[in-house]
Amino acid sequence: MVSPAAPAALVRTLVVALFAALLAFAPAQAQQLVTVTTTVTTTVTWIYGDTPGAGDASAEDADEFAADDDTAALLDDTGDDAGVAGEADLGATRRYAPGAGLATRGPAKARFGPFAVVDGTTARMSGDVDGATPRQFAAMLAAFPGVRRLEMIDCPGSLDEEANLILARAIRRAGLETVVPSGGSVRSGAVELWLAGSTRRAAPDAEFGVHSWADEYGREAKDYPASDPVHAEYIGLYREMGMDDAHARAFYALTNATPFDQVRYLTRDDMARFVPLN
């Protein structure tokens, strides 16, 4: 004789089996833990919810930061920039390296996303860049048109590289001075924002963290052919910010010589090899 509880047990077994099958074939959305080890043996971790002519600098200075074999192709000049021109979709591309904790911007007259206006001429930045950040920057300048100085306190980079390049050009057009004060840190995509300053300053202990960008599929710069328009986007930006062609290509190769899940830290003097500092 079959127990009255048997059908219910059978149903439960079938439901569990079905649920297990769905999990087996579902897209991987589990959080991924990434560990970053710097050149000074500092280890940083963060979690993602998805898996996927420069001043007095010389060409010899730039050569000290030679790229490895994987990134040397990014310096390959097989034609002028028109040969690689095109629309590079950077919206889903990120360049991001957060620290253990975000530094505070201190008291402020007003806040606009990662920006905090501290007086009539100075704003501080602490935080990352996303799709809304260029609009927040524009709103800040509309409300405080006298702002001329951007102090970059703790800037981990961008979650949206298209927005980051838009913001960099906006900083340049606004004629802002970009400053990394003592103890300040700019990393990943935020380095482009510092480069965008009409004048640039950095304390002796300022740190600059560089590494490759990554797209939504986890592909990095070295995974794209040298002719891809995405490379021209960055090299063109560096030229706009005052680098000559050789330094623009060398700096781009330097950043991409370090994988996305690691960070290479540069000093103020390292950066002075590529752009003039004030």
Side-chain angles (χ1 to χ4, degrees), residues 36-40 53-86 88-90 93-97 156-158 161-162 164-165 168-169 172 186-196 200 202 207-215 217-277:
V36 176
T37 303
T38 73
T39 56
V40 293
D56 297 327
S58 66
E60 287 76 14
D61 290 332
D63 287 343
E64 292 185 17
F65 297 93
D68 60 21
D69 291 340
D70 289 334
T71 57
L74 298 178
L75 298 177
D76 181 27
D77 191 5
T78 56
D80 58 23
D81 283 342
V84 294
D89 182 9
L90 298 177
T93 302
R94 62 190 188 273
R95 209 172 203 174
Y96 189 68
S158 75
E161 279 288 80
E162 183 175 0
N164 198 61
L165 269 58
R169 292 184 168 100
R172 189 72 170 189
V186 295
R187 306 180 295 281
S188 303
V191 174
E192 274 80 35
L193 304 182
W194 177 80
L195 287 171
R200 312 172 189 90
E207 67 175 19
F208 300 84
V210 299
H211 64 170
S212 176
W213 49 264
D215 66 16
Y217 305 107
R219 295 175 303 193
E220 302 183 15
K222 66 182 181 180
D223 299 318
Y224 283 72
S227 60
D228 194 282
V230 68
H231 305 308
E233 284 280 337
Y234 285 98
I235 293 170
L237 178 77
Y238 298 147
R239 288 172 175 161
E240 291 176 41
M241 303 312 155
M243 294 186 192
D244 61 25
D245 184 70
H247 283 84
R249 292 178 181 274
F251 185 71
Y252 184 60
L254 166 66
T255 63
N256 293 314
T258 299
F260 174 77
D261 60 357
Q262 299 177 24
V263 178
R264 175 176 180 177
Y265 282 94
L266 306 177
T267 67
R268 179 190 187 279
D269 291 341
D270 291 332
M271 298 302 296
R273 297 177 185 272
F274 295 94
V275 292
L277 278 67

>> Nearest 0.5 angstrom please: Asp244 CG to Phe274 CZ, how far?
In response: 10.5 Å
>> Contact between Val210 and Leu266 at the side-chain level, heavy atoms closer than 4.5 Å - yes or no?
In response: yes
> If we ignore angles and hydrogens, is there a donor and acceptor under 3.5 Å between the side chains of Tyr252 and His231?
Replying inline: yes
> Relative to the ring of Tyr234, is the ring of Trp213 parallel (under 30°), tilted (30 to 60°) or perpendicular (over 60°)?
Replying inline: parallel
> Is Met271 close to Leu195 at the side-chain level, that is, under 4.5 Å between some pair of heavy atoms?
Replying inline: yes
> Heavy atoms, side chains only, cut-off 4.5 Å: are His211 and Pro259 in contact?
Replying inline: no
>> Under the rule for side-chain contact (heavy atoms from CB on, under 4.5 Å), what residues qualify as partners of Arg268, not counting sequence neighbours?
In response: Ala202, Leu277
> Hey, what do you get for CD (Glu207) to CZ (Arg187), rounding to the nearest 0.5 Å?
Replying inline: 6.5 Å
> Are any side-chain N or O atoms of Glu161 and backbone N or O atoms of Gly189, one a donor and one an acceptor, separated by less than 3.5 Å?
Replying inline: no
> Do the side chains of Lys222 and Ser212 get nearer than 4.5 Å, heavy atoms only?
Replying inline: no
> Does the side chain of Asp215 pick up a donor-acceptor pair with the side chain of Tyr224 at under 3.5 Å?
Replying inline: yes
>> To the nearest 0.5 Å, what is the distance between CG on Asp261 and CD on Glu220?
In response: 6.5 Å
>> Under a 3.5 Å distance rule, please check whether Asp228 uses its side chain to pair with a backbone N or O of Pro225 as donor and acceptor.
In response: no
>> So Val275 and Met241, do their side chains get closer than 4.5 Å, heavy atoms only?
In response: no
